[in-house]
Amino acid sequence: MPLLELRGVSAGYGSIQILHDVSLQVNAGEIVSVIGPNGAGKSTTFKVIMGFITYLGGEIVFDGSSLVGERPDRILARGLAYVPQGRVVFSQMTVRENLEMGAYLERDRAKIAAAMDYVFSIFPRLAERARQLAGSMSGGEQQMLAMGRGLMMRPRMMMLDEPSLGLSPRLVDEVFDKTVAMAQSGLTVMLVEQNAARALEVSQRAYVLELGRNRYEGTGPELLANPEVRTMYLGGGVRV
Amino acid sequence: MEKSDVRSLYLLAAFLVCAYSLPFLIGIQFGTVRADEQWFAYLATVVFAGILQGGVYAMFAVGLTLIFGVMRIINAAHGEMVMMGAYLTWVAFFYLGVDPLLALVFTLPIAFLLGVALQKVLLNAVVGQPELTALLVTFGLGLTMIYVAELIFTTDFRTIPYAPQTVQVTRTIAVGQNKLISFVMAVSISAAVYLFLKFSRLGKAIRATALNAEVAMVCGINVQRIYLVTTGIAVALAVAGGALVSIQFGFNPETGVVYTLQAFAIVILGGRGHYVGALIGGLMLAVLENLVSLMIPNGTAAVELAAYGLMIFVLLIRPGGLMGVKEA
Ligand SMILES: Nc1ncnc2c1ncn2[C@@H]1O[C@H](COP(=O)(O)OP(=O)(O)OP(=O)(O)O)[C@@H](O)[C@H]1O
Ligand SMILES: [Mg+2]
């Protein structure tokens, strides 16, 4: 049984429908990528899973029970973390405070301390910068912080929205390395990426969305080999 | 800090020096400045009284800045909530015979619940809407509160006689006991709210929501609940302010308008969304007002002019105020 499953999900913002019958599955231990052009509905998919936006139909099942109608905090508490797209840290708080906020739902101090040690072991740079204001760090560091914050509840699965967006090539490498490292330590990852080639390389499986609908799906190597996918998303096409 | 930021801060400082000297210059013109010992005693008393009053202003301005910081809602009914606090205290005093300060024990929880209800019924609908929408809705709410108060209490001015003795603070400074008590209460309440925001789990969640509601949601903070608590606290601060005002000054249903504008001026001076900024702004405004009323004939008009003049000039020179606007 998949850890996360979407069956025919429709969703949107207010009266505007964006997702039409989107279905996908993520098995425990996998890295699964979702790729597609701008505006395809990738971020919207994450938002509807987390209960942030209007859900119009279909079924979302995580770990055997439905997420439909659940509040975001309950979903997080069930072990599904979300790291949104963009620079998403509390810029006026320190790195440590940001991480503490990530463990807001955890009241056991010992567990918070252990989670912080775990995050520092994956992102040693965050330990060095613990007292720095998050807003004064580089874009790459802020992305690492957002990912580290997402780990503070020790989730079973993390949804990462465009973690390499706007980073220099060296930092892009680092973000992908960290993602793989998190997956190797037992985390299931669903990844939305502009950097489709890199994403497919590290993923077991992937989905291509277009205009809010499923377009292709397959294993990473299958999609990398698919000529249509290649020309549309991997041809080095410039993303605006 | 950016270079232009530093420059606007200097400009603001220069402006404030001018603003505080102006009453003196005008006073010299009108001969109200005498530079003898008795006058200096007046001056010291007035500055001291200004600081006392500023503490109370600051406390209710904090309520305004909290709602703005967390929800980007400008609450134009804030002064009416102060007025409501004054009437709650008055009713408790004259009809139930409860001491005005003791009454806070039940008026504050009532105010908190009213704030929660207000958030649910009205403000939730305007969160995330353009700021003007919220401004108009709360403006309408303020007017409604005024007319309801007029229906119930008429437009007569009310006063609550409380601690009318004068306290000799130093050889030259003497102030009303009620003013001293109000100040101590305001400082205690402000400090409690500050510590709550700084160190408690819920307080941190409020600050986090103010910084970035989306990230707060991602952290598992129930933002809807934070909105309820924030408005609850803001209304409680306004009502506490009303209680402290009611034992010092007369009030009627329209008094609130002045307090709304004062709170606006304070928040703009300190920097929208800044807790400490509101405290500093409160002290600065009250001291200026008191200087004006000491030295410029035809007091009230000049006092109001000083407050709104200050607000407009700060907006022109440095829209972010002393501390800068907090970005979401
Ligand atoms: N808050 C919103 N209100 C209304 N429409 C929205 C909102 N956010 C996104 N949309 C619309 O939903 C569609 C899908 O957006 P979404 O952010 O899911 O795309 P995406 O695939 O993540 O794109 P990108 O690669 O640019 O991040 C777009 O047409 C967008 O304009
Ligand atoms: Mg997106």
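- Judged by distance alone, the side chain of B:Thr138 and the main-chain N or O of B:Ile74 form a donor-acceptor pair under 3.5 Å.
- With respect to chain A, the highest number of heavy-atom pairs below 4.5 Å among B:Arg207, B:Arg201, B:Lys204, B:Glu214 belongs to B:Arg201.
- Looking at A:Thr94 and A:Arg129, their side chains never bring a donor and an acceptor atom within 3.5 Å of each other.
- Proximity to chain B is absent for every atom of A:Met50, based on heavy atoms less than 4.5 angstrom apart.
- No part of A:Arg74 comes within reach of chain B, as not one of its non-hydrogen atoms sits under 4.5 angstrom from that chain.
- More than 12 heavy atoms of other residues, nucleotides or ligands lie within 6.0 Å of OH in B:Tyr20, so this atom counts as buried by the packing criterion.
- A:Arg78 and A:Ser66 make their closest contact through NH2-O, 3.3 Å (heavy atoms, listed as atom of the first residue, atom of the second, distance).
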